[in-house]
Amino acid sequence: MPTLLDLSIIALGSAHEVKYLIQLCYDLKYIEESIYKDTDSRVNLAKRKLYHLEKKINSKS
């Protein structure tokens, strides 16, 4: 059974994938700049939270 640490690492990897795909959509002109910027900032916030969660879990281990 995966631990919370395992799941946070997987989630962080998924957030990196989302960031790449949003960038690709913007580069291919599938989305407007305003949508790209908004989504990118939301993904960055989620990544920061996941990173800090991972560090907090590691410090308790």
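Nothing fancy with the numbering, it's 1 onward along the sequence.
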Between [atom1] on residue [X] and [atom2] on residue [Y], distance to nearest 0.5 Å:
| X | Y | atom1 | atom2 | value |
| --- | --- | --- | --- | --- |
| Thr39 | Arg42 | OG1 | CZ | 7.0 Å |
| Ile10 | Asp6 | CD1 | CG | 6.5 Å |
| Tyr30 | Ile35 | OH | CD1 | 15.0 Å |
| Lys55 | Leu5 | NZ | CG | 9.0 Å |
| Asn44 | Ile22 | CG | CD1 | 11.0 Å |

Return the set of residues passing side-chain contact (heavy atoms from CB on, under 4.5 Å) with Leu12 (not counting sequence neighbours), or none when no residue passes.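 With neighbours one apart ignored, the set is His16, Lys47, Leu50, Glu54.
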
Does anything in residues 32-54 pair up under ring-ring contact (aromatic ring centres under 6.0 Å, His included), and if so which pairs, sequence neighbours excluded? Tyr26-Tyr36

Partners meeting salt bridge (Lys or Arg N to Asp or Glu O under 4.0 Å) with Lys37 (sequence neighbours left out): Glu33

Kindly indicate whether the side chain of Leu21, heavy atoms from C-beta on, has any atom under 4.5 Å from the side chain of Val18.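 A side-chain contact is absent here, since even the closest heavy-atom pair is not under 4.5 Å.
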
Heavy-atom side-chain contact between Gln23 and Asp40 under 4.5 Å: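 No, side chains not in contact.
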
